[in-house]
There are 2 protein chains.
Amino acid sequence: MRIGELSERTGTPRRLLRYYEEQGLIIPDRCANGYRTYDERLVDRVMQIRGLLDAGLPTRIIKQILPCLDKPRAIHFSDATPEMIATLENERDRMTERIKCLTRNRDAITEYLDAVRSNNRSDAASEASTTS
Amino acid sequence: MRIGELSERTGTPRRLLRYYEEQGLIIPDRCANGYRTYDERLVDRVMQIRGLLDAGLPTRIIKQILPCLDKPRAIHFSDATPEMIATLENERDRMTERIKCLTRNRDAITEYLDAVRSNNRSDAASEASTTS
DNA sequence: TCAAACCATCACATTGATGTGAAGGTCAAA
DNA sequence: TTTGACCTTCACATCAATGTGATGGTTTGA
């Protein structure tokens, strides 16, 4: 598919698809006229990239971890230098921290919302009992 | 405590502590000479802010959700306008998405690391059997 | 009392992710 | 064959988070 379709299907501005390419996150083919042409699988890949960006990872890191997330992965064992492994372990730990932080705060929001809701219910109840 | 100590205890540059204040995330007192003075509790608060920033939330959103994460929270019910509730529900959902994305990818990294390790083990084993 | 180590404000720079638009090539349909 | 909807590259702009440094006031200890 061409860039327009990928853009529509992933909800990503064309500008950013080119940017991700520039950052080495995706590598489209080119057809004879110079147009980029994207493999079907890049739809998921782009959404994965967007999710990771939204979760605070910079493209530099995403580029490093992306190749390790594919199966079959035997192909990528060559990347597994000790430095790379250390990087991955470090990023995994940072992601775990992020998950903890997000979970904690999300749960607090949920709790707050529950409290507000039950508060409103009792408001409504007492109002009903005084106005009727 | 003053800004230097808070900076040390949270690992946060002074510049950023002032920035967070400018964004309305923390509100230090001032002593007579104009120096900022921070409550003990702001240590945790700053680390919470940093965690959320690192997890991809912008200060604008952090500012909105922070007041709802405190207990006792009865004080903050006044903030609970319908728009605020909608915002919170929306942010909660986005956080859930982030958590899912991070978890999925972190688990994939873990899986990759496990695969690499077992691969290295079998390398070592076969090398041992051929060289000894 | 003077130096060192704090603090203040202000301002300009940078970086990463994005927005926007110009100038021009390609292609399909009227 | 021309129009409109694609595509290309290039460049400049913006925004949030952060770095850095200038300039100057305050406090503390030798």
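All chains are named by letter (A, B, ...) in the order of the sequence lines, taking the proteins before the strands, and each is independently numbered beginning at 1. Values reported hereafter were calculated over all heavy atoms of this structure, with side chains retained and with hydrogens, waters and symmetry mates removed.
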Would you mind reading off the distance between [X] atom [atom1] and [N] atom [atom2], rounded to a whole angstrom?
X	N	atom1	atom2	answer
B:Leu6	C:dC6	CG	C1'	15 Å
B:Ile61	D:dC15	CD1	P	17 Å
B:Leu17	C:dT9	CG	P	13 Å
B:Arg18	D:dA17	CZ	P	18 Å
A:Glu5	D:dA5	CD	P	18 Å
B:Ile49	D:dA16	CD1	P	17 Å
A:Asp54	D:dA16	CG	C1'	15 Å
A:Glu22	D:dC10	CD	P	10 Å

ask   = Between B:Arg30 and C:dT9, is there a side-chain N or O to OP1/OP2 distance below 4.0 Å?
value =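 Checking C:dT9 against B:Arg30, a side-chain N or O does come within under 4.0 Å of OP1 or OP2.
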ask   = Are the side chain of B:Thr12 and the backbone N or O of B:Leu17 linked by a donor-acceptor pair below 3.5 Å?
value =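 No: the side chain of B:Thr12 does not pair with the backbone of B:Leu17.
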request  = Apply side chain to side chain donor-acceptor pair (under 3.5 Å) to B:Thr96 and list each qualifying residue two or more places apart in sequence or on a separate chain.
outcome  =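 Testing B:Thr96 for side chain to side chain donor-acceptor pair (under 3.5 Å), a comparison that skips the adjacent residues, returns A:Arg106.
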inquiry  = Return the OG1 to CD distance between B:Thr10 and B:Gln48, rounded to the nearest 0.5 Å.
reply    =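 CD of B:Gln48 is found 13.0 Å from OG1 of B:Thr10.
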request  = Could you walk me through whether A:Glu40 and A:Arg9 pass the salt bridge (charged side-chain N to carboxylate O under 4.0 Å, His left out) test, one step at a time?
outcome  = CA-CA 11 Å; A:Glu40 186 67 23; A:Arg9 288 177 58 186; 2.6 Å; yes
query = Which ones in residues 90-101 of chain A lie close to DNA chain D, meaning a heavy atom under 4.0 Å from one of its atoms?
reply =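 Heavy-atom contacts with DNA chain D come from no residue of residues 90-101 of chain A; none.
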ask   = Could you run down nucleotides 23-30 of chain C 5' to 3' and tag each one B, S or - for protein heavy-atom contact under 4.0 Å?
value = --BBS---
Show every donor-acceptor pair shorter than 3.5 Å between a side-chain atom in residues 21-30 of chain B and any protein atom, with sequence neighbours excluded, or say none if there are none.
{"from": "B:Glu21", "atom 1": "OE1", "to": "B:Arg36", "atom 2": "NE", "distance (Å)": "2.5"}
{"from": "B:Glu21", "atom 1": "OE2", "to": "B:Arg30", "atom 2": "NH2", "distance (Å)": "3.4"}
{"from": "B:Arg30", "atom 1": "NH1", "to": "B:Gly34", "atom 2": "O", "distance (Å)": "3.0"}

Salt-bridge present (B:Arg104, B:Glu97; N to O < 4.0 Å) =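 No salt bridge links B:Arg104 with B:Glu97.
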Write down the protein N/O and nucleotide N/O pairs, taken from nucleotides 16-19 of chain C, whose separation is under 3.5 Å; answer none if there are no such pairs.
{"from": "C:dA17", "atom 1": "OP1", "to": "A:Thr59", "atom 2": "N", "distance (Å)": "2.8"}
{"from": "C:dA17", "atom 1": "OP2", "to": "A:Tyr19", "atom 2": "OH", "distance (Å)": "2.6"}
{"from": "C:dA17", "atom 1": "OP2", "to": "A:Thr59", "atom 2": "OG1", "distance (Å)": "2.8"}
{"from": "C:dT18", "atom 1": "OP2", "to": "A:Tyr20", "atom 2": "OH", "distance (Å)": "3.3"}
{"from": "C:dT18", "atom 1": "O4", "to": "A:Arg15", "atom 2": "NH2", "distance (Å)": "2.7"}
{"from": "C:dG19", "atom 1": "O6", "to": "A:Arg15", "atom 2": "NE", "distance (Å)": "3.3"}
{"from": "C:dG19", "atom 1": "O6", "to": "A:Arg15", "atom 2": "NH2", "distance (Å)": "3.1"}

Scan the side chains in residues 52-62 of chain A for donor-acceptor partners under 3.5 Å anywhere in the protein, sequence neighbours excluded, and list what turns up.
{"from": "A:Asp54", "atom 1": "OD1", "to": "B:Arg94", "atom 2": "NH2", "distance (Å)": "2.8"}
{"from": "A:Asp54", "atom 1": "OD1", "to": "B:Arg98", "atom 2": "NH1", "distance (Å)": "3.1"}
{"from": "A:Asp54", "atom 1": "OD2", "to": "B:Arg98", "atom 2": "NH1", "distance (Å)": "3.2"}

